[in-house]
Number of protein chains: 2
Amino acid sequence: MPVTLKEIARDLGVPIVTVSKVLRNHEDISRKTRDLVLKRTRELSYRPNLTARSLVTGCSSLVGLLIPDLLHPFFAEVARSFAAKLREQGLYLLICSSEGDPELESQQLEHLLSRRLDAIAVASVGADEDDLQTVANSGTPLVLLDRQVPIANAHFVGVNDLRVGQLATEHLISIGCKRIAHLRGPANAVGEKRFEGYKRAQERRHPVPPRVRYRGFRQGHREQGFRR
Amino acid sequence: MPVTLKEIARDLGVPIVTVSKVLRNHEDISRKTRDLVLKRTRELSYRPNLTARSLVTGCSSLVGLLIPDLLHPFFAEVARSFAAKLREQGLYLLICSSEGDPELESQQLEHLLSRRLDAIAVASVGADEDDLQTVANSGTPLVLLDRQVPIANAHFVGVNDLRVGQLATEHLISIGCKRIAHLRGPANAVGEKRFEGYKRAQERRHPVPPRVRYRGFRQGHREQGFRR
DNA sequence: CTGAAAGCGCTTACAG
DNA sequence: CTGAAAGCGCTTACAG
């Protein structure tokens, strides 16, 4: 149903490749041919078939993003700014939510791999490390967001949680707080690092105060996987 | 880099089409060949190239969703449940956010069209009606979410706002409220309909009480476009 | 049940 | 500057 290069080429009596070149702003086309082609593509409101283009170029202009929950403001914010940055490069986001379900997460990663995406980003998930390694091995660039996992060949973008804990504690010290407690969430790397920062700041005080530490969530908490 | 049907076929000395059939559970393949193929695809952890499949079948298994803002809980909720329903059918969501920018919105729709999606859903946007009509004309099924616009050939899923206004008002009446006001948002169809419902419920009372109506947002409010 | 042929819509070399 | 050829990885008919 949609218009193809072939039809435009036939209409104009030129080879397909010429039309293709015009549309990708190739230099080596005469001004006359160029104008003719552009006119016709406009008349028919031609839209290149990105699927076909992907197949031959090997680039889908699509980046996968796997997050545990779209409704969680943190991940929604990540998705939003990620999409905005990618858009500047002509890339689009294929967002998958795992709903916190490890089984689903594996499936989604398999699916993303089948789509031959330009890259796959995985945000802070209780993702199976083998699954992540599979992605990294597939040749599709893998970016880990927020939660660092030891995967060969993966990139990482996240928060310096140690620094965060330290800054927060130093702030409290600077405004005159004396007895400072560390109230934390589940037992994951995020909490560990922030606690490290808390300790570091506390240990610089004279005399060093006792550590006070509370845990907000049980370790086995259902939502542990995607609470920061 | 990734494994292809061709390689598997070559390894096994069978034609490509046989491998393809096995993977799609075609009946007319001998048990022996079938097992051989499955074994080899597993060994190589073959993943079908969905781009290639899309090109030939004409189905991308991808549905576009255009929303004004991912961070708005209403649209995040829409995206989430939509994705969940689609997943049951083996469909995936390509989410685009227009950031409330009409220009960007046009571009995104053009892009979605180029991807030859199986369907495009547009949620409650100040979308240009011409753009929407373009989508509808393209042959890609169009679904309007939440906000109804008179587009030929478009489907619509949304809230019965008149009924909502009526139900809310009737509830207040039933618990004994006497003087009931209608406090509303911007001057769009949603508010109008709810006000209709409010009126309808009020007019059934004896004696009919006076209407009391407040507007929460100025008509020209920046966010009018995507506040319900 | 097996297999050779054609084609999806495009792009990448490479020859004139 | 123009154009014929090959191919991306797969599936759909259709002949044996």
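Chain letters run A, B, ... following the sequence lines, proteins first and then strands; every chain starts at 1.
- In this structure, the side chain of A:T57 engages the main chain of A:R53 through a donor-acceptor pair within 3.5 Å.
- Between B:Q133 and the options B:D130, B:D131, B:N137, a side chain to side chain donor-acceptor pair (under 3.5 Å) holds for only B:N137.
- Partner of B:D161 under the salt bridge (charged side-chain N to carboxylate O under 4.0 Å, His left out) criterion, chosen from B:K193, B:R147, B:R194: B:R194.
- No side-chain heavy atom of B:E105 sits less than 4.5 Å from a side-chain heavy atom of B:D128.
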### Message
Pairs counted only when both distances fall under 3.5 Å, Watson-Crick or G-U: show me the 5' to 3' dot-bracket for DNA chain C, [ ] for pseudoknotted crossings and | for other-strand partners.
### Response
|||.||||||||.|||
### Query
Which letters describe nucleotides 10-16 of chain C, given B = protein heavy atom under 4.0 Å from base, S = only from sugar-phosphate, - = neither?
BBB----
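- Within residues 30-44 of chain B, the residues that place at least one heavy atom under 4.0 Å from DNA chain C are, in residue-number order, B:S30, B:T33.
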### Task
Step by step, work out the salt bridge (Lys or Arg N to Asp or Glu O under 4.0 Å) result for A:R200 and A:E196.
CA-CA 6 Å; A:R200 195 167 293 186; A:E196 274 307 311; 5.0 Å; no
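- Under the 4.5 Å side-chain criterion, counting only non-hydrogen atoms from C-beta, A:R115 is in contact with B:L62.
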### Message
Working note: A:L12 + A:T33, criterion side chain to side chain contact (heavy atoms under 4.5 Å, CB included); need CA distance, chi angles, decisive distance, verdict.
### Response
CA-CA 9 Å; A:L12 263 39; A:T33 313; over 6 Å; no
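- Rounding to whole angstrom units, CD1 of residue A:I8 and C1' of C:dG9 are separated by 12 Å.
- Counting only heavy atoms from C-beta outward, the side chains of B:L38 and B:V22 approach each other to under 4.5 Å.
- Of the possible donor and acceptor atoms, one in the side chain of A:D118 sits under 3.5 Å from a partner among the backbone N and O of A:S61.
- In this structure the side chain of B:P2 reaches within 4.5 angstrom of the side chain of A:R116, judged on heavy atoms.
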